[in-house]
**Q** 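Submitted below is the structure of interest, expressed as structure tokens.
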Amino acid sequence: MKVKKGDLVLITAGKDKGRTGKILKSLPKELKILVEGINFKKKHVRPKREGEKGQVVEIPAALNVSNVKLICSKCGKATRVGYTVDKDIKKRICKKCKQEV
Ligand SMILES: [Zn+2]
């Protein structure tokens with residue numbers, strides 16, 4: 001996973017294309033992420049008791065990680081992520097400004 005929880009990402013595909021949001025949760029096994037305010041799906045909830053009204057709730061749906069681009073915290077641009085290894089520690093770097101992100 002090139003992005004992780006707390007990263008700011010740009011959505012590059014789907015109905016929220018062009019929007020940005022923070023990653024709330026990453027699901028590495030499924031290569032999916034949940035992004036704040038992005039990809040909400042409406043779900044109808046049936047009344048639990050008689051006399052209650054049904055509700056429509058919005059639930060965030062996970063996005064495929066390939067549909068987002070990291071926004072670099074250093075230069076603020078949507079970028080691809082590279083890696084460098086420094087003293088056996090793997091670091092993410094921004095492909096645009098070459099700084100660690
Ligand atoms: Zn950068």
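A quick note: this is a predicted structure, and the numbers were derived from the prediction, not measured. Ligands are counted one by one from 1 in listed order, and the atoms in each one are counted from 1 as well.
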**Q** May I have the step-by-step check of side chain to side chain contact (heavy atoms under 4.5 Å, CB included) for Asn39 and Lys15, ending in yes or no?
**A** CA-CA 8 Å; Asn39 205 28; Lys15 70 181 171 74; 4.2 Å; yes
**Q** Please set out all donor-acceptor pairs under 3.5 angstrom arising from side-chain atoms of residues 89-97, sequence neighbours excluded.
**A**
from: Lys91; atom 1: NZ; to: Asp86; atom 2: OD2; distance (Å): 3.3
from: Arg92; atom 1: NH1; to: Lys2; atom 2: O; distance (Å): 2.7
from: Arg92; atom 1: NH1; to: Asp7; atom 2: OD2; distance (Å): 2.9
from: Arg92; atom 1: NH2; to: Asp7; atom 2: OD1; distance (Å): 3.2
from: Arg92; atom 1: NH2; to: Asp7; atom 2: OD2; distance (Å): 3.3
from: Lys96; atom 1: NZ; to: Ala78; atom 2: O; distance (Å): 2.8

**Q** Does Lys25 have more than 12 heavy atoms from other residues, nucleotides or ligands lying within 6.0 Å of its NZ?
**A**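 Not more than 12 within 6.0 Å, no.
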**Q** Hey, which protein N/O/S atoms does the Zn ion (ligand 1) have under 2.8 Å?
**A**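 The answer is Cys72 SG, Cys75 SG, Cys94 SG, Cys97 SG.
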**Q** Starting at CD of Glu36, measure out to OG1 of Thr20 and round the result to the nearest 0.5 Å.
**A**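 Output value for this atom pair is 10.0 Å.
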**Q** Count the heavy atoms belonging to other residues, nucleotides or ligands that lie under 6.0 Å from CD of Glu58, then report whether that count exceeds 12.
**A**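 Yes, the 6.0 Å shell around CD holds more than 12 heavy atoms from other groups.
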**Q** Check whether any side-chain heavy atom of Ile33 sits under 4.5 Å from a side-chain heavy atom of Met1, and report yes or no.
**A**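 Side chain of Ile33 against side chain of Met1, heavy atoms only: contact under 4.5 Å found.
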